[in-house]
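Residue numbers start from 1 in every chain, and the chains themselves are labelled A, B, ... in the order their sequence lines are given, proteins ahead of strands.
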Protein chains: 2
Amino acid sequence: MTTKATRTTDAAKPAGKDPVDAITAQWAEVRPDLDTAPMAVFGRVYRVARAMGDRIEKAYDRFGIARGEFDVLATLRRSGEPYTLSPRQLSATLMLTTGGMTGRLDKLERAGLLSRSPDPHDRRGLRVTLSERGLAIVDEAVVAGLEIQHEALEGLREDQVEQLQELLRLLLAGSTRD
Amino acid sequence: MTTKATRTTDAAKPAGKDPVDAITAQWAEVRPDLDTAPMAVFGRVYRVARAMGDRIEKAYDRFGIARGEFDVLATLRRSGEPYTLSPRQLSATLMLTTGGMTGRLDKLERAGLLSRSPDPHDRRGLRVTLSERGLAIVDEAVVAGLEIQHEALEGLREDQVEQLQELLRLLLAGSTRD
DNA sequence: GGCAAGTAGCTTACTCGTAAGCTACTTGCC
DNA sequence: GGCAAGTAGCTTACGAGTAAGCTACTTGCC
């Protein structure tokens with residue numbers, strides 16, 4: 001299945017030029033000594049992340065939550081019943097400072113999507129629990145988000161998605177090792 | 001990386017589990033009705049973007065610039081001599097509001113890496129020009145950044161990088177169309 | 001030529017994140 | 001048991017972005 005576009009810049013593969021091609025071409029012109037291949041890879045990664053982040057943010061709008069707030073609800077949701085975690089677990093999972101988590105929890109608690117209660121076993125700690133409304137909203141929102149993501153993958157065949165998956169796994173490993 | 005996580009070519013799902021696998025597995029448990037494949041793709045994209053952003057930010061530290069500031073300098077640099085663009089062109093290219101661009105230019109001008117001068121043909125406008133120091137710094141910083149990115153790609157063979165490139169091109173197209 | 005509409009860049013108010021420091025509580029060691 | 005060190009969550013100060021509104025200038029149309 002490897003119809004790989006080995007030849008660098010011929011009329012090889014389907015995809016046309018995109019903004020990242022324009023940028024790397026400009027670099028090649030002014031700094032021909034640089035190997036711009038990595039730039040093209042990560043440039044596209046950044047743009048996909050940003051574009052999809054914006055789209056999904058917009059999809060969550062109608063549920064009255066921002067993306068970071070969805071992430072909190074989703075982390076609680078996927079932890080399973082009783083949908084309870086500590087602020088510490090949440091901030092660790094979401095790679096957020098504890099101060100940032102305090103803010104998100106404040107907003108979500110005010111909106112009635114979760115509640116904070118004292119941890120019965122550790123008086124320093126709290127237990128954050130999804131409310132019924134929070135559960136309902138996250139269960140709808142996750143579907144809405146997946147739909148957006150699914151659409152973005154429509155241009156890829158099944159086997160290409162799998163291939164991409166494997167390559168991204170390697171890329172993530174390389175990007176986070178040490 | 002460690003030993004031989006590079007046996008990607010066979011039926012065997014090669015690379016070991018990563019945090020994204022854990023998340024999708026959790027979702028599969030509590031919501032077996034969902035197709036979590038898109039989540040796995042974009043989850044890795046987000047994580048790569050964030051991890052590499054952090055690394056590169058750190059690499060630019062020694063040049064005294066933040067990543068967003070590098071982007072401004074880089075846009076000027078790759079535009080070629082005389083390294084001059086308008087704030088409007090910069091904010092459009094970098095997908096930044098004009099207010100945000102004002103702030104970045106303020107910082108960079110204060111640091112002596114660029115200068116603002118009136119546009120001789122349009123008295124509303126400005127021309128932003130890279131200073132000699134700005135040029136020197138961006139030329140060093142771009143190499144430092146590429147080095148980080150190159151390292152992150154070490155776990156991939158040449159042909160895998162090309163394949164990834166093509167797939168990301170499709171993904172970006174799907175993520176930004178409409 | 002004159003005026004409405006558009007554009008360039010800056011300012012202001014606000015949001016959401018971090019870093020660092022605080023208090024309260026728990027843990028480990030003697 | 002008692003105390004130093006560690007941990008949980010909140011607060012404060014700050015940074016960097018957006019959205020919206022401002023002034024100054026340009027453009028297009030009559």
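Using a cutoff of 4.0 Å between basic side-chain nitrogens and carboxylate oxygens, B/Arg124 and B/Asp119 are not scored as salt-bridged. Contact check on B/Arg44 versus B/Asp18 returns a salt bridge, with a Lys/Arg side-chain nitrogen under 4.0 Å from an Asp/Glu carboxylate oxygen.
Under the salt bridge (charged side-chain N to carboxylate O under 4.0 Å, His left out) criterion, B/Arg77 pairs with B/Asp139, sequence neighbours left out.
Residue contacts shown for A/Arg116 are limited to sugar-phosphate atoms, with no base heavy atom under 4.0 Å away. When heavy atoms are screened at a 4.0 angstrom cut-off, B/Ser86 is found touching the sugar-phosphate backbone but no base atom.
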Requested in this report: At under 4.0 Å between heavy atoms, which parts of nucleotides 15-21 of chain C does protein reach? Answer with one letter per nucleotide, 5' to 3': B base, S sugar-phosphate only, - none.
Outcome: -SSBS--
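B/Glu151 contributes atom CD, which lies 10.5 Å from atom CD of B/Gln149 (distance to the nearest 0.5 angstrom).
Atom pair A/Asp106:CG and D/dT12:P shows a separation of 12 Å (rounding to whole Å applied). Computed from coordinates, the B/Arg88 CZ to C/dA8 C1' distance equals 6 Å when rounded to whole Å. As rounded to whole Å, 17 Å separates atom C1' of D/dG15 from atom CD1 of B/Ile65.
The shortest distance between the side-chain N/O atoms of A/Arg123 and the OP1/OP2 oxygens of C/dT27 is not below 4.0 Å.
Counting distance only, with no hydrogens placed and no angle test, the side-chain atoms of B/Arg124 and the base atoms of C/dT7 include a donor-acceptor pair under 3.5 Å.
Looking at DNA chain C, the stems built from 3 or more consecutive Watson-Crick or G-U wobble pairs, each pair with its key distances under 3.5 Å, are C:1-30 with D:1-30.
Checked by atom type, the side-chain pair A/Thr36/A/Thr24 shows no donor-acceptor distance below 3.5 Å.
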